[in-house]
Amino acid sequence: MNLFTLDELMVIEASRYITNGDVVMVGTGLPMVASLLALKSHAPDMCYVVETGPVAPDVIPTPTSVADARVMHRSVTNGSLIGALGGILHRGLADVGFIGGAQIDQFANVNSTVIGNYSNPKVRLPGSGGANDIASHAKKILIITRHELRRFPLYCDYITSPGYIDGPEGRKNAGIPVPYPDIHVVTNLSVMSINKTSGKLTLSKLMPGISKETVLSNTSFNPDSGIPLQEVAPASEQELKTLRDEVDPKGIYIKRV
Amino acid sequence: MNLFTLDELMVIEASRYITNGDVVMVGTGLPMVASLLALKSHAPDMCYVVETGPVAPDVIPTPTSVADARVMHRSVTNGSLIGALGGILHRGLADVGFIGGAQIDQFANVNSTVIGNYSNPKVRLPGSGGANDIASHAKKILIITRHELRRFPLYCDYITSPGYIDGPEGRKNAGIPVPYPDIHVVTNLSVMSINKTSGKLTLSKLMPGISKETVLSNTSFNPDSGIPLQEVAPASEQELKTLRDEVDPKGIYIKRV
Amino acid sequence: MSSKFGNKVMTANEAVKQFVAKDSVVGIGGQTTGRSSMVLAHEIVRQGISNLTLVGCSMSVSMDLIVGAGLANKTECGTGNVEMFGTTFAWRRAIEQGKLVSKDYSHLSMGLRFLAGSLGIPFIPIKSMLGTDLLEQRSEKESKDIVISEDPWNPNTPVVLLKALSPDVSIIHAQLSDETGNVVIEGFTTHDVEMAKASKRVIISCEKIIASDEIRRRSDRTTIPYLYVDAVIEQPWGAYPTSCYRYYEHDSAHFRHYQSCAKDGGNKYEEYLNLYIRGTRDFNEFLSKASNAKDLINLQKSMQELV
Amino acid sequence: MSSKFGNKVMTANEAVKQFVAKDSVVGIGGQTTGRSSMVLAHEIVRQGISNLTLVGCSMSVSMDLIVGAGLANKTECGTGNVEMFGTTFAWRRAIEQGKLVSKDYSHLSMGLRFLAGSLGIPFIPIKSMLGTDLLEQRSEKESKDIVISEDPWNPNTPVVLLKALSPDVSIIHAQLSDETGNVVIEGFTTHDVEMAKASKRVIISCEKIIASDEIRRRSDRTTIPYLYVDAVIEQPWGAYPTSCYRYYEHDSAHFRHYQSCAKDGGNKYEEYLNLYIRGTRDFNEFLSKASNAKDLINLQKSMQELV
């Protein structure tokens, strides 16, 4: 078996939710790492779309932002924000979108705006950026985050990006164009996915060597459905090699073992 | 005195309503001739905008359409319809707009859609094109047309492009963004301009050698305000030379004497 | 549209067969004498695909041919127009004879309807058409795609809401494309980019297919990225007799010939259709009937002097 | 904006003095680490123009500096963000301390508000933000620029209407411009083109002023035509420490330095402002304090390897 960290496996597992040919809205950070890994391994015809405009670049590792020349390299167009978030995402062409945030609640709603009260904040966070747009319009939503108790409250202090809002029909009732998207939250401990019957995040996989109890004790809501859990497939030699040699060769985003 | 035809003087007079620096929405035909004449004589910094997209071209005489490469020559951008009619005209940046049509009524409303009944037409005309947009949003509207009785009915069969609709407050009441534009109708017999008090076309100038009676007998409504009329200034040598040598050297739009 | 980087090159015959169905709403690219996809319009006529709704801004002979062949029962546009060469006579006659429903808009209205479609927004406001019969005197046979509403930030101020328009398929001629459908339109684009992005399917005819590497090396030129495109047809002179910027001028002689047939209608028009379209296998055969090498070279030369 | 083909070249000092007034709504170009007009942001700080509202999409250090200097009392944006280098700390602190009203939008919402402004349409619909606190939990101090309405063609289907946004003046950095303000932005444009076209005034800083003849020979590159532009400032490195595509990479070292000052705030931040901005005559003097020839050349080289 190959040696890898759970941080590595987290992005590798996330990359597996991308299918070849998918149009993927990608920001920066770990979503970029997971998308590049998919692009350079099993999804060479994936279309990488950056909210600043670039479409289908041959990304040079490792970009530091959505404004980095590395995400414009050999794109088919460098476009505009409205071209990417409007003409592709809002237009309904995005198969997959990555978002992130400080809090993810039981309905997969995400908070990237504020900890505490909006009008009297404890900590002000960066805000939506394109995340609300992505969560509203992508057919599949992927979230990569380290699994810590404070990141998984029962309810978000503020809903920046919609999960299932308050239940299975929450998005539909609110008028969100994609009413029943797949949502997967991939962490260093587990994978939680939306159960479309309950509209809630449900534990579907555990990371190797991680117990269900560890996940539950790091989650404020109860994602346990009682069904037997798969283990996340270990990182293959190819996945690891691509991640380490081609995607993040300097270890900027994922620390080395 | 220079020899010229009234058709020549008609476009020359129309060109005089363009001021240097004006942003001018131009289609094809006589408006193009008048605009080019202004550009090549007294308004070198006029910005010629074509509805297909081109902005500020060095127009090569003589274009045959808004899609002609002659209106794209050395433009600052070749742009798009939305860039020109949206980003410039609807945005409120057009100082002057030319329109044309088969009927022009007492309120300077223009019909370029249908003669007879809309649902059961006698003659179907080309339709609005960009004319309705230009008439709604340009600060000054210019119309060049031969002066014939059938072209100047009391009421249009169909209002394609708004003049003052039905009176001085007609545009304002309808919610048109430019409520009180200047409108000048330049013909081979006269110039009629909007009287902002009545909202009606009023005779302001006569072409040299043309009597008021000739105009009135070729107009279904009465444009006579009773005030003394100026005569249109004759074509200067420079205007004629520019028109004949630089704007329409092949006599495509204006027949030679 | 297809999101795949596949090779989308096919013949006009194949593309129209695959993507233009009876009863479709077909988006028409180009304006008046410029950059109309004549190769694809011909192929629609050749295959006799009927009950079409044709939509565009200033629709030219590509529209007129389809209407003249009796294949369209509705148009939505700003104008039918060939400027110096007159109106679109087959279209005019069809309306006058009650055979065609015309939904009339201003050009910007059509452009904004496509823009709304391209952004996936359900409608878009405009301040054109107010006070005119473009709002008041509309055909009873048409669907209501215009609503007069109020600006929420300026009570009692009317504003026109236009429903987004997403054609089932659009036919657009471009200068260049790679085989996956990264398209380069040179010169004016009119409404073509917004219409393409709004459409469910897009067929591109182009003067020349270039390598994807060339697209990626100069990506600032790309006007329509491959995501929106389903088929790419390489057809030099594919816009003839309309012009193609940087490639060739429009052919006045053929325009006048077509217009005289269209104006007369009847047998003379049927003969045009039979000789040039129904009686030809493809666009190359049409070209060899409609023109000759010398004249075509002159149209190229004439364009070269203008750019 | 000015419609004249005049020579609009001036210094940053002159342009800010002439076009950025107290109480203005200022549009901020660029995103995160890329193509922010630092030269113009510095000049606003240097001149101490106050009570500003800053609007943009992903606003970076150009916004953070103006907020940190106490010159803004409101922002409207999608995010304050420098990605790898953290958030915009002066902005964050100002909000946390109740000194700054933040109107939060999604990025596309801001983009569409500018698009609406650029087209002169009073509002534009969007289907983002539904069901979230971006609609529900908004500051009481803000004007209401969002209305939840109904799609007239789909009764009972909610749609968000966004009021058009037309900044009083926008500051945008570009690669090239001619002296009349025909601007070439290379690489991503983010919201800059729509924002410029929506703005009442536009100040362009650019790496290089080129001849108008060069613009006209390659007009397919023009991203903002001169009609919208009031002032053109030639300032090589004018986006530093953010990057300028094809010219130079962002400077991580100076970003980290700024971020550490902004995170600490207080005296350390004041020292930054005093040393680099208030204590310098112009941007060239800032550059000579903030970097050196060798490091700048390396940033150029680093960019050359990426394009």
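Each chain gets a letter, A, B and so on, in the order its sequence line appears, and its residues count up from 1.
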| task | Tell me, out of C:G30, C:S60, C:P158, who's got the most heavy-atom pairs with chain B below 4.5 Å. | result | C:P158

| message | For a 4.5 angstrom cut-off between non-hydrogen side-chain atoms, does C:E96 reach B:K122? | response | no

| Top residue by heavy-atom pair count (under 4.5 Å) with chain B, among C:T190, C:T32, C:V193, C:T79? | C:T190

| message | Between C:Q31 and chain B, with a heavy-atom cut-off of 4.5 Å, which part of the residue counts as in contact: side chain, backbone, both or neither? | response | both

| field | Part of B:I165 within contact of chain C (heavy atom distance under 4.5 Å) | value | side chain

| said: Please identify which of these residues, B:N132, B:N109, B:V110, B:T113, meets the side chain to side chain contact (heavy atoms under 4.5 Å, CB included) condition with C:T132. | reply: B:N132

| Is it the side chain or the backbone of C:E249 that comes within 4.5 Å of chain B heavy atoms, both, or neither? | side chain

| query | Do the non-hydrogen side-chain atoms of C:R92 and B:L125 ever get within less than 4.5 Å of each other? | reply | no

| said: Tell me whether B:H90 contacts the main-chain N or O of C:K127 through its side chain, where contact means a donor paired with an acceptor under 3.5 Å. | reply: yes

| query | Given a strict heavy-atom distance threshold of 4.5 Å, which part of B:D157 is in contact with chain C: side chain, backbone, both, or neither? | reply | backbone

| task | Determine whether the side chains of C:T189 and B:S80 contain a donor N or O and an acceptor N or O closer than 3.5 Å. | result | no

| Contacting region of C:M303 [heavy-atom separation from chain B under 4.5 Å] | side chain

| field | B:L89 portion near chain C, given a 4.5 angstrom heavy-atom threshold | value | neither

| task | Check the surroundings of atom NZ in B:K139: do more than 12 heavy atoms from other residues, nucleotides or ligands lie under 6.0 Å from it? | result | yes

| said: With a 4.5 angstrom heavy-atom cut-off, is it the side chain or the backbone of B:V123 that approaches chain C, or both, or neither? | reply: both

| said: Is any side-chain heavy atom of B:I252 closer than 4.5 Å to one of C:M84? | reply: yes

| message | As an exercise, state the distance from CG of B:D68 to CZ of C:F188, rounded to the nearest 0.5 Å. | response | 9.5 Å

| Looking at C:G187, C:S58, C:G34, which has the largest count of heavy-atom pairs under 4.5 Å with chain B? | C:G187

| query | Is it true that atom NZ of B:K196 has more than 12 heavy atoms of other residues, nucleotides or ligands lying nearer than 6.0 Å? | reply | yes

| Has the side chain of C:E83 got a donor or acceptor atom that lies under 3.5 Å from a matching backbone atom of B:V66? | yes

| said: Less than 4.5 Å apart, side chain to side chain, heavy atoms only: is that true for C:H250 and B:T64? | reply: yes

| task | Name the option with the most non-hydrogen atom pairs under 4.5 Å to chain B; the candidates are C:S109, C:S106, C:S252. | result | C:S106

| task | Look only at the side chain of B:D133 and the backbone of C:L108, and say whether a donor-acceptor pair between them is shorter than 3.5 Å. | result | yes

| Roughly how far apart are C:F114 CZ and B:I82 CD1, rounded to 0.5 Å? | 9.5 Å

| task | Identify which of B:S112, B:P126, B:A67 forms the greatest number of heavy-atom pairs closer than 4.5 Å to chain C. | result | B:P126

| Do B:R124 and C:S102 have side-chain heavy atoms sitting under 4.5 Å apart? | yes

| Is B:P121 close to C:I95 at the side-chain level, that is, under 4.5 Å between some pair of heavy atoms? | yes

| message | Does any backbone or side-chain atom of B:T52 lie under 4.5 Å from a heavy atom of chain C? Answer side chain, backbone, both or neither. | response | both

| said: Please classify the contact of C:T33 with chain B as side chain, backbone, both or neither, using a heavy-atom distance under 4.5 Å. | reply: both

| query | So does B:R70 pair up with C:E305, basic N to acidic O under 4.0 Å? | reply | no

| field | Option that, when pairs with chain C are counted at under 4.5 Å, heavy atom only, ranks first among B:G79, B:S75, B:G116 | value | B:G79

| field | Most chain B-contacting option - heavy-atom pairs closer than 4.5 Å, from C:L130, C:N156, C:V307 | value | C:L130

| field | Residue selection (most heavy-atom pairs with chain C, distance under 4.5 Å) from B:G127, B:G130, B:G53 | value | B:G130

| request: Can you tell which part of C:I148 gets under 4.5 Å to a heavy atom of chain B, answering side chain, backbone, both or neither? | output: neither

| task | Working to the nearest 0.5 Å, report the span between CD1 of B:I134 and OG of C:S128. | result | 10.0 Å

| Is there a donor-acceptor contact under 3.5 Å from the side chain of C:D133 to the main chain of B:I159? | yes

| message | In the structure I gave you, are the side-chain heavy atoms of C:H107 and B:L81 within less than 4.5 Å of one another anywhere? | response | yes

| task | Decide yes or no for B:S128 and C:L134: does some side-chain heavy atom of the first lie under 4.5 Å from some side-chain heavy atom of the second? | result | yes

